[in-house]
Chemist: 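The following block contains the structure, expressed as structure tokens.
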Protein chains: 2
Amino acid sequence: MTQSFVISGDLLIGAGTAGDDRSVYAINPATGANLEPAFAVASVADVDRACELAAQAFDTYRATSPEARAAFLEKIAANIMDIGDILIQRGNEETGLPAARLEGERARTVGQLRLFAQVVRSGEWLDLRVDPALPERKPLPRSDLRLRQIPLGPVGVFGASNFPLAFSVAGGDTASALAAGCPVVVKGHLAHPGTGELVGRAIRAAVAACNLPEGVFSLVTGANETGAALVRNPHIKAVGFTGSRGGGLALGAIAAARAEPIPVYAEMSSINPVYLFPAALAARAEALGKAFVDSLTLGAGQFCTNPGLMFAVDGPHLDRFVASASGTLTERAPAPMLTPGIHAAYDKGVAALSGNEAVKTVAQGLAAEGVNRSPAIFFETDVEHFLADEKLGNEVFGASSLLVRCKDVAQMVAVAEKLEGQLTATLHLDAGDHADAAKLVPVLERKVGRILANGWPTGVEVSHAMVHGGPFPATSDSRSTSVGTLAIRRFLRPVSYQDLPNALLPPELRDEGIKSLPHLLDGVRK
Amino acid sequence: MTQSFVISGDLLIGAGTAGDDRSVYAINPATGANLEPAFAVASVADVDRACELAAQAFDTYRATSPEARAAFLEKIAANIMDIGDILIQRGNEETGLPAARLEGERARTVGQLRLFAQVVRSGEWLDLRVDPALPERKPLPRSDLRLRQIPLGPVGVFGASNFPLAFSVAGGDTASALAAGCPVVVKGHLAHPGTGELVGRAIRAAVAACNLPEGVFSLVTGANETGAALVRNPHIKAVGFTGSRGGGLALGAIAAARAEPIPVYAEMSSINPVYLFPAALAARAEALGKAFVDSLTLGAGQFCTNPGLMFAVDGPHLDRFVASASGTLTERAPAPMLTPGIHAAYDKGVAALSGNEAVKTVAQGLAAEGVNRSPAIFFETDVEHFLADEKLGNEVFGASSLLVRCKDVAQMVAVAEKLEGQLTATLHLDAGDHADAAKLVPVLERKVGRILANGWPTGVEVSHAMVHGGPFPATSDSRSTSVGTLAIRRFLRPVSYQDLPNALLPPELRDEGIKSLPHLLDGVRK
């Protein structure tokens, strides 16, 4: 199968296509117009067929050598680049995101595929352990025990609307699951079905080029019913999802109700508190205010790590920050949001805050010119009101942020104890703030997956030490990350082999295989 | 607080005691008689108080140095040994298990505490990763990123009835959670409350001796209501449980219904298939039959890894095995089971199989003399009947096993595809069986946590390469193990620190700390 660069509206099920009923169109959010062609929506039968192929492919795919699996990931990356400008153009039409953003996101997408290829080759993820036999041990001898991690099985991945490349069809969840040895069935997002199909065709061309079984990858585009069928399918052994809290909880409930419950990794909602410490505010309130607005309005605020909540000690330096942020914000023109639904939800969330007597509107951006866009907005309240109304802590997906004025640093720490789980917390601080910040950091560690200093939470590095995760409701499972190489661990489980003849062991655990791979020998790193 | 060797019937809540209503007695299962004294059952208020203390202790306890935490684990082990013979005596009275077994189990219990002390010192569990800043990178610079694992928070541990020491108050779940830095609230099992109290007093004397906050450990003994209160308490962030499928599923449902759902690690049910391959059977059918009965009847069959299901190719060598096993079994006298409830459940499970027309009783042990004991029993059926009635795959906790006669090895492999998740699978094989076994191993890898050859599944080594876990319903979470050092990972989650000033980083991630600890530097092992 050579790579095809057409957008047909087909579902991609293994090496075949499906989808007779073409009734759904992508919408250009910048104009509100439908985009050709019409797309098929996957039925339960389509999903089941994709999952059946994935199950058939599993044992063959998981037995691929590290080199073969790494080469496959790299081939996917190369094929995505080969799509060329039509991918950026279609992505722009379907999402309203500018070409430069999409080019950056494409670089991240192929970068993370190539990074996972390195991870697969390094062998760290196998977590190999050997406890040699101790035949003379008293009172009982010890058997030879060897451990490796194996993939869980076929994985269902939900494309996210806000990252049409980096967290969609060939995004982080797909890359980490394929790296782990799991076939992937992607539930493509109807917000960007054409972009998804182009990428899906790149993946399945790589499957064919690498002589892998067709079931290693399928793309079944659809909405809630398609997604539910995917999570219910008994061949699916884990799910990766990025989206709303309601969506993540619904998928978790479906997964828990299965005859065999499975893990759902849902990255759901976060408002990413930012703490402005006194010395930092005194030193650079104006610069902070401007940088805050840059982070707030990036991508129309449509990031999981958008700075939606700020805490600072009341006083003249905070007023300087507010003045700077307000002045910057009022000049910002709104960009189109990803979908009419996301835009409507943003307007609703902003209206709820605007209409809340405890909340004051500090500033907002320029009025919208065109559909599916609304001004960015910046609110403030005080600690008492914030604590009295838990709705003030709800995520408003988009460029909306709430400043909570605190009496002192002690109050900032006390409020932190009340926060729900978050993806990130950000500290702006100088050396003079370190003693205060040291009281806050242990609290934040219990609340978030990433703590950052003197930066902004938007912009998530794909690397080995990244955590894009955090306690509920930021995610459904704080024990993992959806970005970075540690994500591979989500799709693995350990198996122990006791006294197995060398010939029956997997290659990496045989006497001749383990020598060249990182492992623990009796608990000692080799 | 010096160690107290009394059995008072008190609940141990932090450094205090509680429990006014003394209404429950331990039962000596060998005689059916009550044992003094009366024990308190923990109320919801008692549980909540213990969890509140655990939450208060968390930040202090998790900040202990590796050396301090390791010394604490070793002090617990020393204190348990200091209890001396009264622990073995009380354990025997409460469980009916012989002294030699309890002495072995005590050795395992203190051994695993000491092993986790080594694990804590080694630092591997911290999973440290550093991605240094790349200020000159284009198009965007990279921040300094550092990652470590931190403990989830207070953990609720359910003592198991069948391991009154090694999987109860100071058992594997407690040891791994304390090693991870989590305070522990144990729901003690009413099958051995006095044994539990003695061990609980040993742990809290260690808490005091090591100057740790009292909330690091509490013991709240009780039944279902006490356990439900523990899982519901919002301070509890993870649960470890070993017991029945019904119990594990009930706790999982409670955990999933919380405002903040939490992971439940429930080790539930497994019948541990054993495969007898043709060449091995031809070579040593008689010895295998005798060894099988030894494994089946060990501890009255009350092990999660008891060999409850066997598969072999029909023929004269299998008949030799059956004759040997039958001859050995008919001479075995039954031992008292752990509780009247477990004994009644065993009788019920055996009656269901005995009354099933598809099942033939091959042999049973000697008739019972005394209460709470029943003969061991060995059944057989064929593949068609086994596949037609899923009840034949249900666990009968105790010394009951079912042989499934197969037409050929291909049928053994085909049936394996139909099995539910299991803790273990066992292969008896010789070199001539390797080609056949190679077809079975990949199937078993998808079904079990441990594959062993030419041994028996009972007897679980506590080491680095052990997996005591497996796909549902063997456990609720196949991604982990409850035995062995990898169990520490169940109670950890990753946190990333981005550009944090050195002074605000945890000691192990500071420039001067990380040098001496294992870590990944830009993904490369150091």
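Note: hydrogens, waters and symmetry copies are ignored here, and every other heavy atom, side chains too, is used. Each chain gets a letter, A, B and so on, in the order its sequence line appears, and its residues count up from 1.
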Chemist: Is it the backbone or the side chain of A/Arg142 that comes under 4.5 Å from a heavy atom of chain B, or both, or neither?
Modeler: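 A/Arg142 touches chain B through backbone and side-chain heavy atoms alike.
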Chemist: To the nearest 0.5 Å, tell me how far A/Asp127 CG sits from B/Leu486 CG.
Modeler: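 With rounding to 0.5 Å, CG (A/Asp127) is 6.0 Å from CG (B/Leu486).
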Chemist: Need one label for A/Val448: side chain, backbone, both or neither, based on atoms under 4.5 Å from any heavy atom in chain B.
Modeler: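 Just the backbone, heavy atoms under 4.5 Å.
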Chemist: Under a 4.5 Å cutoff for heavy-atom pairs, which residue among B/Thr485, B/Val130, B/Asp522, B/Leu128 has the most contacts with chain A?
Modeler: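 Top count of heavy-atom pairs under 4.5 Å with chain A: B/Asp522.
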Chemist: For the pair B/Thr475 and A/Arg493, evaluate side chain to side chain contact (heavy atoms under 4.5 Å, CB included) and give the outcome as yes or no after the intermediate values.
Modeler: CA-CA 12 Å; B/Thr475 79; A/Arg493 68 177 180 86; over 6 Å; no
Chemist: Considering only heavy atoms and a distance below 4.5 Å, find which of B/Gly459, B/Gly153, B/Pro471 pairs most often with chain A.
Modeler: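 Looking at each of B/Gly459, B/Gly153, B/Pro471 in turn, B/Pro471 comes out on top.
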Chemist: Give the minimum heavy-atom separation between B/Ala453 and A/Pro501, together with the two atoms involved.
Modeler: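 That would be CB-CD, 4.0 Å.
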Chemist: Atom OG of B/Ser478 and atom CD1 of A/Ile150: how far apart are they, to the nearest 0.5 Å?
Modeler: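 Interatomic distance, B/Ser478 OG to A/Ile150 CD1, rounded to 0.5 Å: 8.5 Å.
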Chemist: With rounding to the nearest 0.5 Å, note down the distance linking OG in A/Ser143 to CZ in B/Arg450.
Modeler: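 Nearest 0.5 Å value for the OG-CZ distance: 8.5 Å.
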Chemist: Would you mind checking which part of B/Asp59 comes under 4.5 Å of any heavy atom in chain A, side chain (CB onward), backbone (N, CA, C, O), both or neither?
Modeler: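 Side chain of B/Asp59 only, per the 4.5 Å heavy-atom cut-off to chain A.
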Chemist: Answer with side chain, backbone, both or neither: which region of A/Glu260 has an atom nearer than 4.5 Å to a non-hydrogen atom of chain B?
Modeler: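 For A/Glu260, backbone and side chain are both near chain B.
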Chemist: Can you say whether A/Ala259 sits under 4.5 Å from chain B via the side chain, the backbone, both, or neither, judging by heavy atoms?
Modeler: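 When you check distances to chain B, only backbone atoms of A/Ala259 fall under 4.5 Å.
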Chemist: With a 4.5 Å cut-off on side-chain heavy atoms, are B/Met466 and A/Gln498 touching?
Modeler: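 The answer is yes; the side chains approach within 4.5 Å.
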Chemist: So for B/Ser122, is it side chain, backbone, both, or neither that comes closer than 4.5 Å to the heavy atoms of chain A?
Modeler: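 Answer is neither: B/Ser122 stays 4.5 Å or more from chain A.
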Chemist: Would you mind checking which part of B/Val495 comes under 4.5 Å of any heavy atom in chain A, side chain (CB onward), backbone (N, CA, C, O), both or neither?
Modeler: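 Backbone plus side chain of B/Val495, per the 4.5 Å heavy-atom cut-off to chain A.
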Chemist: Restricting to non-hydrogen atoms, name the atom on A/Asp131 and the atom on B/Ser463 that form the minimum distance, rounded to 0.1 Å.
Modeler: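 In terms of heavy atoms, the two residues are closest at OD2-OG, 2.6 Å.
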Chemist: Please flag which part of B/Asp144 lies under 4.5 Å from any non-hydrogen atom of chain A: side chain, backbone, both or neither.
Modeler: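 It is neither, since no heavy atom gets under 4.5 Å.
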Chemist: Is the shortest heavy-atom distance from the side chain of B/Ile451 to the side chain of A/Leu504 under 4.5 Å?
Modeler: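 B/Ile451 vs A/Leu504: side chains apart.
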Chemist: From A/Leu145 CG over to B/His464 NE2, what is the distance, rounded to the nearest 0.5 angstrom?
Modeler: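 Between A/Leu145 CG and B/His464 NE2, I get 11.0 Å after rounding to 0.5 Å.
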Chemist: Counting only heavy atoms closer than 4.5 Å, note whether B/Glu124 contacts chain A via side chain, backbone, both or neither.
Modeler: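 Only the side chain of B/Glu124 comes within 4.5 Å of chain A.
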Chemist: Is chain A contacted by the side chain of B/Ala256, its backbone, both, or neither, given a heavy-atom distance below 4.5 Å?
Modeler: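 Contact with chain A: none, neither part.
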Chemist: Measure the shortest side-chain to side-chain distance between B/Val467 and A/Arg129 over non-hydrogen atoms and say whether it is less than 4.5 angstrom.
Modeler: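 No - every pair of side-chain heavy atoms lies 4.5 Å or more apart.
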Chemist: Taking side chain as everything from C-beta outward and backbone as N, CA, C, O, which of these in A/Thr424 sits under 4.5 Å from a heavy atom of chain B? Side chain, backbone, both or neither.
Modeler: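 No part of A/Thr424 comes within 4.5 Å of chain B.
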Chemist: For the residue pair A/Ser480 and B/Pro494, what are the closest heavy atoms and their distance?
Modeler: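 Heavy atoms of A/Ser480 and B/Pro494 come nearest at N-CD, 4.1 Å.
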Chemist: Report yes if the side chains of A/Pro518 and B/Arg525 come closer than 4.5 Å at any heavy-atom pair, otherwise no.
Modeler: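 Not in contact.
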Chemist: Which residue pairs pass the salt bridge (charged side-chain N to carboxylate O under 4.0 Å, His left out) test when at least one of the two sits in residues 455-466 of chain B, sequence neighbours left out?
Modeler: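 For residues 455-466 of chain B, and leaving out neighbouring residues, the salt bridge (charged side-chain N to carboxylate O under 4.0 Å, His left out) pairs sorted by first residue read A/Arg137-B/Glu461.
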Chemist: Measure B/Phe58 against the heavy atoms of chain A and call it side chain, backbone, both or neither at under 4.5 Å.
Modeler: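 Just the side chain, heavy atoms under 4.5 Å.
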Chemist: Look up atom CG in A/Leu444 and atom OH in B/Tyr497, then write down how far apart they are to the nearest 0.5 Å.
Modeler: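 Output value for this atom pair is 10.0 Å.
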Chemist: Please classify the contact of A/Lys447 with chain B as side chain, backbone, both or neither, using a heavy-atom distance under 4.5 Å.
Modeler: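 Backbone of A/Lys447 only, per the 4.5 Å heavy-atom cut-off to chain B.
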Chemist: Quick check on B/Leu500 against chain A: is it the side chain, the backbone, both or neither that has a heavy atom closer than 4.5 Å?
Modeler: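 Both backbone and side chain of B/Leu500 come within 4.5 Å of chain A.
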Chemist: Is there side-chain contact between A/Arg62 and B/Arg446, with at least one heavy-atom pair below 4.5 Å?
Modeler: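 Yes, close enough: below the 4.5 Å cut-off.
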Chemist: Measure distances from A/Glu420 to the heavy atoms of chain B and classify the residue's part below 4.5 Å as side chain, backbone, both or neither.
Modeler: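 Contact with chain B involves no heavy atom of A/Glu420 at all.
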Chemist: Tell me, for A/Leu152 versus chain B, whether the close heavy atoms (under 4.5 Å) come from the side chain, the backbone, both or neither.
Modeler: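 When you check distances to chain B, only side chain atoms of A/Leu152 fall under 4.5 Å.
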Chemist: If you count heavy-atom pairs within less than 4.5 Å of chain B, which of A/Gly104, A/Pro263, A/Ala437, A/Gly252 leads?
Modeler: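 The candidate making the most pairs under 4.5 Å is A/Pro263.
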Chemist: For B/Arg490 versus A/Arg479, what's the shortest heavy-atom pair and its separation?
Modeler: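 For B/Arg490 versus A/Arg479, the nearest heavy atoms are O-CD, 4.2 Å.
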Chemist: Select, from B/Gln149, B/His468, B/Arg489, the one with the greatest count of heavy-atom pairs under 4.5 Å involving chain A.
Modeler: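 Heavy-atom pairs under 4.5 Å are most numerous for B/Arg489.
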Chemist: Where does A/Ala438 contact chain B at under 4.5 Å (heavy atoms): side chain, backbone, both or neither?
Modeler: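 When you check distances to chain B, atoms from both the backbone and side chain of A/Ala438 fall under 4.5 Å.
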Chemist: Given heavy-atom pairs under 4.5 angstrom as the criterion, report whether the side chain, backbone, both or neither of B/Leu140 touches chain A.
Modeler: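 Neither the backbone nor the side chain of B/Leu140 comes within 4.5 Å of chain A.
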Chemist: Relative to chain A, which segment of B/Leu492 carries a heavy atom at a distance below 4.5 Å: side chain, backbone, both, or neither?
Modeler: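 Contact with chain A is through the backbone of B/Leu492 alone.
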Chemist: Is any side-chain heavy atom of B/Thr481 closer than 4.5 Å to a side-chain heavy atom of A/Leu147?
Modeler: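 B/Thr481 does not reach A/Leu147 side chain to side chain.
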